[in-house]
Amino acid sequence: MITEQQKPGPAFGAHSTADDILMGRDLTGTTALVTGGYSGLGLAATRALVRAGAHVVVPARRPETAAEALRDLPGTEVRALDLADLESVRVFAERFLESGRTLGILVNGAGIMACPETRVGPGWEAHFAVNHLGHFALTHRLRPAFAPGGARVVAVASSGHFLSGIRWADVHFRTGYDRWSAYAQSKTANALFALHLDRLGGKHGLHAFAVHPGSILTPLQRHIPREEWHAQGWVTPDGTPAPGFKTPEQGAATTVWAATSPLLDGHGGAYCQDCDIAEPATTDDMLIGGVKPWARDPDAAARLWDLSCELTGLDAF
């Protein structure tokens, strides 16, 4: 069974920025947590949320680097967190819970892309571990903090999911590692996570959304050689982003839209793009985007949830 996407009607679009989305919004009193919130799209989202009045907690594997990036941005705080280490996730979450704060917005945005084969924890493939399992564990650990009157979780996915569903027989690439397939599987996992989290959390006022931010050049591409950028058509001969690419501020727009827009009330679990609910993908063109059926399959979402509970030892929902 494949879940249908139902569109609420756009108010913004592909060229909107995160500040456009939040213009006139007052998030004073809202605590948001943005993983990866000190670089690229995450930094753009953090800035927009703070300007709208939110207090933003930024977990970081490199706290000193994060603190420097956010040093001129009041309304933020940096805390140490390594998503590849479930013990680090536990410690971070317990300290957050001890503060007694409620959490209105969780943006699971940190990640890695197309990196060399890397093993973390008990030998897990790094993309699946960092992009999916680390955020899965963080969300479960933070469940007691979610605002009872309504909170949102945003999973930052990607049109990279076009390249792979979940490789059920070998999710950790024990054989035949491919960096793009590994990244793609993790992005499908992000979408399926949001779908099932909303199914379980919706009745308690916790709603989740997956977003494709668009094509943007950020430090996320650090592992990809520049010659590959040219071969993929990501940049023009002079090195500027190709037509169709967004700025980080435009890329962050769909994230903050999914985190705050009342237009999404009643549409929990949706996969969003360009500040709207995405259409089913009818081509393999990632610049056009849309969402593939394997990222909207509720049976696959439930199966992935069970597998993730087994791997992490967590089941808070």
Side-chain angles (χ1 to χ4, degrees), residues 5 10-22 32-49 56 58 105-114 127 130-132 135 152-163 180 183-184 186-195 208-222 224 229 232 234-235 241-261 263-264 267 269-279 281 285-292 295-296:
Q5 298 264 98
F12 299 98
H15 301 293
S16 299
T17 67
D19 282 331
D20 293 336
I21 302 302
L22 295 178
L33 193 155
V34 182
T35 70
Y38 62 98
S39 178
L41 302 180
L43 178 56
T46 296
R47 285 175 173 155
L49 289 165
V56 181
V58 178
I105 297 169
L106 171 60
V107 176
N108 289 329
I112 55 176
M113 171 190 272
H127 290 89
V130 173
N131 297 356
H132 170 59
H135 285 121
R152 289 192 181 182
V153 176
V154 180
V156 180
S158 166
S159 62
H161 82 270
F162 280 32
L163 299 176
W180 284 112
Y183 173 70
S186 74
K187 295 293 102 178
T188 293
N190 293 153
L192 294 175
F193 166 70
L195 183 62
F209 303 90
V211 303
H212 167 44
S215 298
I216 310 103
L217 295 177
T218 72
L220 181 65
Q221 290 90 12
R222 66 177 63 89
I224 304 168
W229 291 28
Q232 295 279 3
W234 295 351
V235 292
F245 275 64
K246 297 182 179 183
T247 66
E249 292 73 23
Q250 291 170 332
T254 304
T255 295
V256 299
W257 182 78
T260 64
S261 177
L263 290 173
L264 281 169
H267 297 277
Y271 180 98
C272 304
Q273 173 184 332
D274 294 339
C275 306
D276 198 358
I277 293 180
E279 299 281 358
D285 188 334
M286 293 184 193
L287 274 177
I288 294 174
V291 57
K292 292 292 188 179
R296 296 294 306 158

Please check this pair: side chain of [X] against backbone of [Y], looking for a donor-acceptor N/O pair closer than 3.5 Å.
{"X": "Ser158", "Y": "His212", "answer": "no"}
{"X": "Thr254", "Y": "Asp274", "answer": "yes"}
{"X": "Thr17", "Y": "Gln250", "answer": "no"}
{"X": "Asn131", "Y": "Ile112", "answer": "yes"}
{"X": "Gln273", "Y": "Gly290", "answer": "yes"}
{"X": "Lys292", "Y": "His161", "answer": "no"}
{"X": "Arg47", "Y": "Glu249", "answer": "no"}

Just verifying a value: how many Å separate [X] [atom1] and [Y] [atom2], rounded to the nearest 0.5 Å?
{"X": "Met113", "Y": "His127", "atom1": "CE", "atom2": "NE2", "answer": "8.0 Å"}
{"X": "Ser159", "Y": "Leu287", "atom1": "OG", "atom2": "CG", "answer": "7.5 Å"}
{"X": "Leu264", "Y": "Ile277", "atom1": "CG", "atom2": "CD1", "answer": "5.5 Å"}
{"X": "Leu195", "Y": "Asn190", "atom1": "CG", "atom2": "CG", "answer": "12.5 Å"}

Closest approach of [X] and [Y], non-hydrogen atoms and distance?
{"X": "Gly289", "Y": "Ala281", "answer": "O-CB, 3.7 Å"}
{"X": "His132", "Y": "Phe193", "answer": "CE1-CB, 4.1 Å"}
{"X": "Ala258", "Y": "Phe209", "answer": "O-CD1, 3.6 Å"}
{"X": "Gly40", "Y": "Pro248", "answer": "O-CB, 4.2 Å"}
{"X": "Ala191", "Y": "Tyr271", "answer": "CB-CD1, 4.0 Å"}
{"X": "Val291", "Y": "Ala295", "answer": "CG2-CB, 3.9 Å"}

Compare all side-chain heavy atoms of [X] with those of [Y] and state whether any distance is below 4.5 angstrom.
{"X": "Asp20", "Y": "His15", "value": "no"}
{"X": "Ser261", "Y": "Ile21", "value": "no"}
{"X": "Trp257", "Y": "Val211", "value": "no"}

Among Leu41, Val34, Val107, Leu49, find the residue that satisfies the side chain to side chain contact (heavy atoms under 4.5 Å, CB included) test when tested with Thr255. Val107
Please step through side chain to side chain contact (heavy atoms under 4.5 Å, CB included) for the pair Ile105 and Val56, ending with a clear verdict. CA-CA 9 Å; Ile105 297 169; Val56 181; over 6 Å; no
